[in-house]
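Written out below as structure tokens is the structure these notes cover.
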Amino acid sequence: EPEVTQTPSHQVTQMGQEVILRCVPISNHLYFYWYRQILGQKVEFLVSFYNNEISEKSEIFDDQFSVERPDGSNFTLKIRSTKLEDSAMYFCASSQEVNTEAFFGQGTRLTVV
Amino acid sequence: GESVGLHLPTLSVQEGDNSIINCAYSNSASDYFIWYKQESGKGPQFIIDIRSNMDKRQGQRVTVLLNKTVKHLSLQIAATQPGDSAVYFCAEIRGGADGLTFGKGTHLIIQP
């Protein structure tokens with residue numbers, strides 16, 4: 001069964017450092033997403049990406065965040081200057097169309113120290 | 001503000017019994033709803049979805065009910081098994097949006 005894969009599974013970084021979280025969406029999907037989940041809280045939408053551009057972003061997705069599809073398979077989330085409050089699970093998801101089921105990866109646990 | 005929320009944070013049921021997990025939403029413009037299951041340390045896993053032009057949808061051992069009049073969504077799990085233990089989230093897509101808005105989650109605990 002096709003799945004969304006994310007790397008690394010756990011990333012520890014120092015405050016102020018840049019991190020790149022990587023995702024390989026399901027191959028025939030056209031819509032890509034990043035979500036985050038702070039420990040013990042609900043999953044929050046960050047951004048959606050379609051046709052090589054951001055389709056929608058939440059208020060959480062400020063100037064320190066960026067997304068990129070550098071090639072035909074990878075989808076990345078970059079956090080430019082990490083803060084302690086960026087510590088969370090970051091989930092990548094993809095879907096064939098908008099408003100259809102989104103499939104989630106296993107997540108990257110980001111710990112900012 | 002408007003949000004998707006859950007009535008109970010924890011639900012404990014006996015193995016073999018049926019479970020009902022509830023969700024309230026407040027945005028009448030939402031037109032697509034999904035239930036996700038999240039096991040510890042894993043990503044949300046799709047269970048079942050329903051669109052606003054339906055009031056019931058059935059899957060394998062699961063049924064989703066949508067009551068648009070009172071803006072209520074429920075997930076029924078028949079004959080719960082130990083593997084059903086997880087946190088269950090309802091999520092909605094508000095009209096015209098791409099991203100899912102998740103509720104806070106209900107932790108389903110299966111008692112032997």
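Numbers restart at 1 for each chain; the letters A, B, ... are given by sequence-line order, proteins then strands.
Side-chain atoms of B:Tyr32 come within 3.5 Å of backbone N or O of A:Glu101 as a donor-acceptor pair. For A:Glu56 (side chain) and B:Gly99 (main-chain N/O), a donor-acceptor pair under 3.5 Å exists by modelled atom type.
Using a 4.5 Å cut-off between heavy atoms, A:Thr100 contacts chain B through both its backbone and its side chain. Within the 4.5 angstrom heavy-atom criterion, atoms from both the backbone and the side chain of A:Val43 approach chain B. Neither the backbone nor the side chain of B:Gln45 comes within less than 4.5 Å of any heavy atom of chain A. Heavy atoms closer than 4.5 Å to chain B are found in the side chain of A:Ser48, but not in its backbone. In this structure, chain B has heavy atoms under 4.5 Å from both the backbone and the side chain of A:Ala102. With a 4.5 Å cut-off on non-hydrogen atoms, B:Ile34 touches chain A through its side chain but not through its backbone.
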Using residues 105-113 of chain A as the side-chain source, report each donor-acceptor pair under 3.5 Å to any protein atom, sequence neighbours left out, with the distance given to one decimal.
unit_1	atom_1	unit_2	atom_2	d
A:Thr108	OG1	A:Pro8	O	2.5
A:Thr111	OG1	A:His10	NE2	3.1

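Note on A:Phe75 and A:Tyr33: separate hydrophobic clusters, where clusters join Ile, Leu, Val, Met, Phe, Trp and Tyr whose side-chain heavy atoms are under 4.5 Å apart, directly or indirectly. One hydrophobic cluster, built from ILVMFWY side chains closer than 4.5 Å, holds both B:Ile48 and B:Ile50. A single hydrophobic cluster is not seen to contain both B:Val70 and B:Val64; linkage of ILVMFWY side chains at heavy-atom distances under 4.5 Å, directly or through other members, places them apart. Linking ILVMFWY side-chain heavy atoms closer than 4.5 Å, directly or via other members, places B:Leu100 and A:Ile60 in two distinct hydrophobic clusters. A:Ile38 and A:Phe45 fall into different hydrophobic clusters, where Ile, Leu, Val, Met, Phe, Trp and Tyr side chains are chained together by heavy-atom contacts under 4.5 Å.
Of all the heavy atoms in B:Phe89 and A:Gln37, the pair that sits closest is CZ-NE2, 3.6 Å.
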Before you tell me yes or no, could you show the steps for B:Phe102 and A:Tyr35 under side chain to side chain contact (heavy atoms under 4.5 Å, CB included), namely the whole-Å CA-CA distance, both residues' side-chain angles and the distance that decides it to 0.1 Å? CA-CA 10 Å; B:Phe102 280 79; A:Tyr35 290 80; 3.8 Å; yes
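Taken to the nearest 0.5 Å, the CD atom of B:Gln38 stands 4.5 Å off from the CZ atom of A:Phe91. Rounded to the nearest 0.5 Å, atoms OG (A:Ser58) and CG (B:Asp98) are 12.0 Å apart.
Within a 6.0 Å radius of CD in A:Glu85, other residues, nucleotides and ligands contribute more than 12 heavy atoms. Dense packing is recorded around CE of B:Met54, with more than 12 heavy atoms of other residues, nucleotides or ligands lying under 6.0 Å away.
Taking the six-membered ring wherever Trp is involved, the centroid distance between the rings of A:Phe104 and B:Phe46 does not fall below 6.0 Å.
Taking the ring-ring contact (aromatic ring centres under 6.0 Å, His included) definition, one finds that A:Tyr50 meets it with A:Tyr31, sequence neighbours left out.
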